[in-house]
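Residue numbers run from 1 in the order of the sequence given. Computed from a predicted structure; not experimentally measured.
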Amino acid sequence: MQQLNVGDRVRFLNTTGGGIIKRLTPDGLVYVEDESGFELPVLTNEVVMVTEGSTIVPKPTKAGGKKSAEPTKEVTPVRERIRSTEAQGELLNAYFCILPVDPDQIGQGGYEIYLINDSNYDLQLMYSSGQGAAQVLRYVGLVPFDSSEFIDEFDITEVPERSKCTAQIMAYKDGGVRFRPKAAYNIEFNLESSRFFKKNAFKPNPFFDDGAIIIELVRDDVPLRLKKIDAEALAEEMMSQKRKVDQPRRRRAQAPKRSKREPTVVDLHISELVDTTAGMGNKEILDLQLGKVEEVMKRFEKPSSKGAEIIFIHGKGEGVLRKAVTDFLQRRYPNAYLQDASFQEYGFGATKVTIK
C-alpha cells in the first residue's frame, strides 16, 4: 500500500486532475489542493502518488500477478499559477466560509473554516478565537492569491468557547511582483451559536458546492466593522428601557410641512417589536432590532426611493442601540446619509436616514 504524506503530489484515479496533499485524516481521507487553490477531499485509495517518470494510473495486473512496468500515460506537468492583472483583483475581498463536515448532521457534528482570498494579493493571516478578550491562536500562515485555505476545524460543543474571533490580515504580493501596499486589517467578529443549528443558515455560495455560513471580512478593501458592545450596558438598556423616559417627545400638532413625502418612522424599542422578551438574551434582542432596520431599508432600495427619509427611534439610554444601528447602516448602506433626527420631536433618541 502506498505511503502518502503531506506535500506529496498525487493524481486522481477516477477522474482527471490532481494536486498537492495538504492534510490527511484518520478516517482515510486526504485533502488535495488543485491548480485553482481549492482543497478536494478524496479517499486514499482513489489517488496515486506522482513521482518523476511515474504513471498517472498503474496498468491492470496481468495473469502472473505482476504489474506491467510500461506506463499507460505520461504525467502532465502541473501548470504554474499565474497572478491575474485584472483591476478588480487589486481590491481585496476576503471571506470566512464555515461548512459542516457532514451536511446531514447540522447541529450535531463538526465544522470546518476556510479563508477565501478573492484577490491578486497574497494574504498573511493570523486567526484566533475564544470566549472573551483572551483568545487562542487557531491559525497563522500564508493564503496565496485567488485561493482558499483550510483554517480551522471544531465540534459543535466548542462553539461557545470560539464565539469571539479576531482575524489579522496583511496583504502583499510575493515573488518580486510590484504592488501597492495596503493597510493591515484587524477584524473582530462573533460566531453566533444559534446559526450552527439552522440548516437554512448555510447558504449557497460561489466557492463551494455545499451551503456555507459566509462571513465577509474585507469587501473591496473595506474591512468588516463591528464595534464592541459592552454586555452590561446592553443588558441595562435592552431589558430596563422605560417608555416614559425613552419615549421621544412629540411636538404639538402643527400645520404640515410642504414636502414631497412624509418620513417613515420606525420605533425600535423592543416592546414595539415583540410582545415579550421572555427567554431572549441581549444578543437576540439586538439582532431582532437590527433585523427590523434591515427589513425597512430593503423597502427603499428602488431608484424611485431616492430622497426618501426614514426615522429610526432608538431612545437615548446609554447609547448602545444607537451605536449598533449607526454602525450597521454605515457598513451596509454607505450611500445613505445619516444625521440626528429633529431634537424638538425626538430629543436625542432618533436617527434620520436619507436615501441618496
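- Of the possible donor and acceptor atoms, one in the side chain of R83 sits under 3.5 Å from a partner among the backbone N and O of D174.
- Looking at heavy atoms from C-beta onward, V42 lies in side-chain contact with V32 at the 4.5 angstrom threshold.
- Heavy-atom minimum distance, E33 versus E149: OE2-OE1, 4.1 Å.
- Remark: aromatic rings of Y114 and F150 are close, center separation under 6.0 Å.
- By the side-chain contact (heavy atoms from CB on, under 4.5 Å) test, L91 is found to be paired with Q88, N93, D220, D221, residues two or more places apart in sequence or in another chain being considered.
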Give the intermediate values and the outcome of side chain to side chain contact (heavy atoms under 4.5 Å, CB included) for residues K198 and I106. CA-CA 7 Å; K198 301 176 182 178; I106 290 178; over 6 Å; no
For a side chain to side chain contact (heavy atoms under 4.5 Å, CB included) check, start with the C-alpha distance between Y337 and Q339, then their side-chain angles and the critical distance, and finish with the verdict. CA-CA 7 Å; Y337 178 70; Q339 65 185 110; 3.1 Å; yes
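- The hydrophobic cluster around V140 extends to M126, L137, counting ILVMFWY residues whose side-chain heavy atoms fall within less than 4.5 Å of a member.
- For K298 and E301, the salt-bridge test fails: no basic side-chain N is under 4.0 Å from an acidic carboxylate O.
- Counting heavy atoms from C-beta on, the side chains of D118 and Y95 come closer than 4.5 Å.
- Y139 and F96 end up in the same hydrophobic cluster when Ile, Leu, Val, Met, Phe, Trp and Tyr side chains are linked at under 4.5 Å.
- The distance from the CD1 atom of I151 to the CG atom of L115 is 5.0 Å, given to the nearest 0.5 Å.
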Under the side chain to side chain contact (heavy atoms under 4.5 Å, CB included) rule, what do R180 and E90 come out as? Steps first, then yes or no, please. CA-CA 9 Å; R180 293 182 179 273; E90 295 300 301; 5.7 Å; no
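- Remark: K182 is positioned above the aromatic ring of Y121, its terminal NZ or CZ atom under 6.0 angstrom from the ring centre and at most 45 degrees off the axis.
- Here E188 does not pair with K164 in a salt bridge; the nearest charged N to carboxylate O distance is not below 4.0 Å.
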Report the C-alpha distance between M297 and L329 in whole Å, list the side-chain angles of each, state the deciding distance to 0.1 Å, and finish with yes or no for side chain to side chain contact (heavy atoms under 4.5 Å, CB included). CA-CA 9 Å; M297 291 298 294; L329 291 171; 3.9 Å; yes
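- Shown here for I355 and S305, the closest heavy-atom pair between the two residues is CB-O, 3.5 Å.
- Atom CZ of residue R322 and atom CD1 of residue I313 lie 13.5 Å apart, to the nearest 0.5 angstrom.
- For S128, the side-chain hydrogen bond (donor to acceptor under 3.5 Å, both in side chains) partners at least two apart in sequence or on another chain are Q135.
- Looking at heavy atoms from C-beta onward, Q289 lies in side-chain contact with I285 at the 4.5 angstrom threshold.
- Between the side chain of K302 and the backbone N or O of R299, no donor-acceptor pair lies under 3.5 Å.
- S193 meets the side-chain contact (heavy atoms from CB on, under 4.5 Å) test with V159; sequence neighbours excluded.
- No side-chain heavy atom of K352 sits less than 4.5 Å from a side-chain heavy atom of I310.
- Between F189 and Y127, the ring-plane angle classifies as parallel under the 30° and 60° cut-offs.
- Between E294 and R332, at least one side-chain N (NZ, or NE/NH1/NH2) sits under 4.0 Å from a carboxylate O, which counts as a salt bridge.
- F196 and Y111 have their aromatic ring centers within a separation under 6.0 angstrom.
- Under the 4.5 Å side-chain criterion, counting only non-hydrogen atoms from C-beta, R219 is not in contact with L92.
- Under the 3.5 Å distance criterion, the side-chain polar atoms of D155 are matched with a main-chain donor or acceptor of T157.
- Ion pairing of K22 with D8 is absent here, as no side-chain N (NZ or NE/NH1/NH2) approaches a carboxylate O to less than 4.0 Å.
- The two atoms that bring L290 and A324 nearest to each other are CD2-O, 3.9 Å, heavy atoms only.
- Under the 4.5 Å side-chain heavy-atom criterion for ILVMFWY residues, a single connected hydrophobic cluster contains both V353 and V296.
- Here the shortest heavy-atom pairing between R11 and G18 reads NH1-N, 3.9 Å.
- I116 contributes atom CD1, which lies 12.5 Å from atom CD1 of I215 (distance to the nearest 0.5 angstrom).
- When the side-chain hydrogen bond (donor to acceptor under 3.5 Å, both in side chains) test is applied to D152, the partners found at least two apart in sequence or on another chain are R162.
- Side-chain atoms of E112 and V101, non-hydrogen and from C-beta on, do get closer than 4.5 Å to each other.
- K283 has a carboxylate O that lies under 4.0 Å from a charged side-chain N of D287, or vice versa, which qualifies the two as a salt bridge.
- Not a single salt bridge (charged side-chain N to carboxylate O under 4.0 Å, His left out) links E284 to another residue, sequence neighbours left out.
- Annotation: the span from T354 atom OG1 to L338 atom CG amounts to 8.5 Å, rounded to 0.5 Å.
- Counting heavy atoms from C-beta outward, E39 and R23 have side chains that approach closer than 4.5 Å.
- Rounded to the nearest 0.5 Å, atoms CG (L217) and CD (Q168) are 12.0 Å apart.
- Linking Ile, Leu, Val, Met, Phe, Trp and Tyr residues whenever their side-chain heavy atoms come within less than 4.5 Å places F197 and I98 in a single cluster.
- Within 6.0 Å of CG in N5 there are more than 12 heavy atoms belonging to other residues, nucleotides or ligands.
- L99 and A212 make their closest contact through CG-CB, 3.9 Å (heavy atoms, listed as atom of the first residue, atom of the second, distance).
- A donor-acceptor contact shorter than 3.5 Å is absent between the side chain of N117 and the backbone of S147.
- The nearest pair of heavy atoms linking C97 to I214 is SG-CD1, 3.2 Å.
- Note: I311 CD1 to E309 CD = 6.5 Å, rounded to the nearest 0.5 Å.
- F208 is connected to Y31 through a chain of hydrophobic side-chain contacts under 4.5 Å among Ile, Leu, Val, Met, Phe, Trp and Tyr, so both are in one cluster.
- L24 has its side chain within reach of L4: a pair of non-hydrogen atoms, C-beta onward, lies under 4.5 Å apart.
- Note: the hydrophobic cluster containing I20 does not contain F145 (ILVMFWY, side chain heavy atoms under 4.5 Å, direct or indirect links).
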